[in-house]
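The structure appears right after this line, and notes come after that.
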Amino acid sequence: MKTILITGGAGFIGSHVVRLFVTKYPEYTIVNLDKLTYAGNLENLRDVEGKPNYIFEKVDIVDAKEVDQLFNKYALDGIIHLAAESHVDRSIESPLEFIMTNVVGTVNLLNAAKDKWKNDFADKVFYHVSTDEVYGSLGETGFFTEATAYDPQSPYSASKASSDHFVRAYHNTYDLPIVISNCSNNYGSYQFPEKLIPLFINNIKNNKSLPVYGKGDYTRDWLFVEDHAAAIDEIYHKGKKGDTYNIGGFNEWKNIDLIKLLCSVMDRKLNREEGTSEKLITYVKDRPGHDKRYAIDASKINEELGWKPSLQFETGLEKTVDWYLSNDEWLKHVTSGEYLSYYKKQYEPA
Ligand code: NAD
Ligand code: DAU
């Protein structure tokens, strides 16, 4: 019997990790800690919320007292830390929120783990989930490896880089048994429609314009979210303490090429004439400090832990489009803000 804390479990990737752990490990108790910001949606977890090994706790990681209370309530064996402010455009508008949650919140968790575990670290794991954006931007060639120097460019990536440094510092200074992973762009079900793929699916469906930043010639490496969750499972259980693992899809796409592919899939799914959705493309002002290219060398996790992506991008994209088109109610609740009342209905009924 193990009790594992997953932070940010009501978010996009977190909800997939919670679902995987709750269903694959019925012998574990999974505590999902989430503040339920705009990005936290318990409707993402409707299918697991009745399971006996699942518990939800509404906690803000910026509040050290709340975090300590939670660590006193449960005897935790491990932590998988995903809670974060995650959207680059929002970080450009309000950097401080990113520093508070991503840096201060992470340090509050590190302090609680260090103090509660009292140097008895046998079999304990503090797993910090991070991003490839900490490495900055690549030119036309090359890949990020685990040895690439940090060079974050946005307030979001600077806050994630800072949190990574703190996690490593707690390993080096206090021997806290940590592991870190840095992953590329995720896509799939339950992603908040502010990120490129779900935003564009929703806009195409509603015949709204598709705002392409700059010339659309930026490159990202895309990974199906369930493959990321599977990698997290491997790293949590078998990753070497103190180590970092890069996770990626071996799947680079220029934004404009990806958008054109998405337009064509949507035309087909919506029985629209080929070329209809592409007409919605509108080139808009670029994101300031926009990173040109991300590409991940994920050979370490492949060689050491045997993980590799399971899906071809075309298949994953098709599955993703199908999910958004057949989960109209979820999308409507998210875009109308109705999901925000779900916690009250579910956990604080009158
Ligand atoms: P998300 O924005 O969908 O979810 C974040 C979750 O954290 C939400 O449920 C939110 O309510 C919660 N949260 C935010 N502030 C909190 C606070 N102060 N206290 C408690 N909970 C709080 O994010 P995501 O896309 O699922 O990303 C999850 C993690 O993975 C993040 O750490 C992110 O940096 C990292 N990551 C994301 C991607 C990606 O492509 N989305 C890629 C690599 C790494
Ligand atoms: O690389 C991992 C990162 O991927 C994660 O750490 C972040 O949490 C996650 O948000 C994502 O960051 P990006 O900035 O790459 O994702 P986003 O979906 O915002 O944008 C993807 C690309 O599409 C990027 O080059 C900007 C561009 N874009 C995005 C939006 C929302 C547009 O051209 N138009 C848009 O409207």
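Quick note: residue numbers are just sequence positions, from 1. Computed from a predicted model, the values in this text were never measured in an experiment. One-based numbering, in listed order, for ligands and for the atoms of each. We use all heavy atoms of the structure for the numbers below, so side chains are in, but hydrogens, waters and symmetry mates are not.
- For ligand 1, one of its N or O atoms has an N or O atom of Ile61 under 3.5 Å away.
- Protein heavy atom at the shortest distance from atom 38 (C) of ligand 1 is Ile13 CD1, 3.5 Å.
- Ranking protein heavy atoms by distance to atom 42 (C) of ligand 1, first place goes to Ser184 O, 3.3 Å.
- Against a heavy-atom cut-off of under 4.0 Å, Val59 is close to the following atoms of ligand 1: 19 (N), 20 (C).
- The aromatic ring centres of Tyr150 and His165 sit less than 6.0 Å apart.
- Using bins of under 30°, 30° to 60° and over 60° for the plane-to-plane angle, the ring pair Tyr25/Phe21 lands in the tilted bin.
- A distance of 9.5 Å separates OG1 of Thr23 from CD1 of Ile30, quoted to the nearest 0.5 Å.
- Atom 9 (O) of ligand 1 has Asp34 OD2, 2.6 Å as its closest protein atom, hydrogens excluded (heavy atom only).
- Salt bridge annotation for Asp328-Lys205: present, with a cationic side-chain nitrogen under 4.0 angstrom from a carboxylate oxygen.
- The cationic atom of Lys114 (NZ for Lys, CZ for Arg) lies less than 6.0 Å from the six-membered ring centre of Tyr174 and within 45° of the ring axis.
- Within ligand 1, the atoms closer than 4.0 Å to a non-hydrogen atom of Lys160 are 31 (C), 32 (O), 33 (C), 34 (O), numbered from 1 in the order shown.
- Distance NE2/His237 to CD1/Ile232: 12.5 Å, rounded to 0.5 Å.
- At the top of the distance list for atom 15 (N) of ligand 1, counting protein heavy atoms only, stands Thr101 CG2, 3.4 Å.
- Tyr187 and Phe313 have their aromatic ring centers within a separation under 6.0 angstrom.
- For Ser15, the closest heavy-atom approach to ligand 1 does not fall below 4.0 Å.
- Within ligand 1, counting atoms from 1 as listed, the ones closer than 4.0 Å to a heavy atom of Asn185 are 40 (O).
- Below 4.0 Å from some heavy atom of Lys35 lie the following atoms of ligand 1, by number and element: 16 (C), 17 (C), 18 (N), 19 (N), 20 (C), 21 (N), 22 (C).
- Using 4.0 Å as the threshold, Gly9 has no heavy atom nearer than that to any atom of ligand 1.
- Side-chain contact annotation: Trp330 with Asn44, donor-acceptor N/O pair under 3.5 Å present.
- Atom 3 (O) of ligand 1 has Phe12 N, 3.0 Å as its closest protein atom, hydrogens excluded (heavy atom only).
- For ligand 1, the atoms sitting less than 4.0 Å from at least one non-hydrogen atom of Asp60 are 17 (C), 18 (N), 19 (N), numbered in the order shown with element in parentheses.
- No donor-acceptor pair closer than 3.5 Å links the side chain of Ser184 to the backbone N or O of Gly248.
- Note on Lys240 versus Glu304: no salt bridge recorded, every NZ/NE/NH1/NH2 to OD/OE distance being 4.0 Å or above.
- Among all protein heavy atoms, the one lying closest to atom 40 (O) of ligand 1 is Asn186 N, 2.9 Å.
- Those atoms of ligand 1 that come under 4.0 Å of a heavy atom in Ser86, given as number and element, are 1 (P), 2 (O), 23 (O), 25 (O).
- Checked for salt-bridge contact, Glu318 and Arg268 meet the test: a charged N lies under 4.0 Å from a carboxylate O.
- The part of Leu36 lying near ligand 1 is the backbone, judged by heavy-atom distances below 4.0 Å.
- Within ligand 1, counting atoms from 1 as listed, the ones closer than 4.0 Å to a heavy atom of Ser130 are 43 (C), 44 (C).
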Pairs under 3.5 angstrom, nitrogen or oxygen on both sides, ligand 2 versus protein: list them out, please.
from, atom 1, to, atom 2, distance (Å)
ligand 2, 1 (O), Asp132, OD1, 2.6
ligand 2, 1 (O), Asn185, OD1, 2.8
ligand 2, 4 (O), Asn185, OD1, 3.4
ligand 2, 4 (O), Asn185, ND2, 3.1
ligand 2, 6 (O), Thr131, OG1, 2.7
ligand 2, 6 (O), Tyr156, OH, 2.6
ligand 2, 8 (O), Ser86, O, 2.7
ligand 2, 8 (O), Tyr156, OH, 3.1
ligand 2, 10 (O), Ser86, O, 3.3
ligand 2, 12 (O), Glu133, OE2, 2.8
ligand 2, 14 (O), Arg287, NH1, 2.6
ligand 2, 15 (O), Asn185, ND2, 2.9
ligand 2, 15 (O), Arg220, NE, 2.9
ligand 2, 16 (O), Asn185, ND2, 3.4
ligand 2, 18 (O), Leu196, N, 2.8
ligand 2, 19 (O), Arg287, NH2, 2.9
ligand 2, 23 (O), Asn255, ND2, 3.4
ligand 2, 25 (O), Arg220, NH2, 3.4
ligand 2, 25 (O), Asn255, ND2, 2.9
ligand 2, 25 (O), His290, NE2, 2.7
ligand 2, 33 (O), Tyr213, N, 2.9
ligand 2, 34 (N), Pro211, O, 2.8
ligand 2, 36 (O), Pro211, O, 3.4

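- Considering only non-hydrogen protein atoms, atom 5 (C) of ligand 1 sits nearest to Ala84 O, 3.4 Å.
- Of the listed residues (Val17, Thr37, Leu196), the one carrying the non-hydrogen atom nearest atom 10 (C) of ligand 1 is Thr37.
- Side-chain atoms of Asn327 come within 3.5 Å of backbone atoms of Trp323 as a donor-acceptor pair (strictly under, hydrogens ignored).
- For NZ of Lys241, the number of neighbouring non-hydrogen atoms (other residues, nucleotides, ligands) closer than 6.0 Å is greater than 12.
- In the model, Asn246 has a side-chain atom that pairs as donor or acceptor with a side-chain atom of Tyr135 under 3.5 Å.
- A donor-acceptor contact shorter than 3.5 Å is absent between the side chain of Thr101 and the backbone of Glu85.
- Glu66 contributes a side-chain N or O that, together with a main-chain N or O of Asp60, makes up a donor-acceptor pair within less than 3.5 Å.
- Not close to ligand 1: Gly105, with no non-hydrogen atom less than 4.0 angstrom away.
- The protein heavy-atom contact nearest to atom 29 (C) of ligand 1 is Leu82 O, 3.2 Å.
- Checked for salt-bridge contact, Glu97 and Arg90 miss the test: no charged N lies under 4.0 Å from a carboxylate O.
- Which parts of ligand 1 touch Tyr156 is read off a 4.0 Å heavy-atom cut-off, strictly below it: atoms 33 (C), 34 (O).
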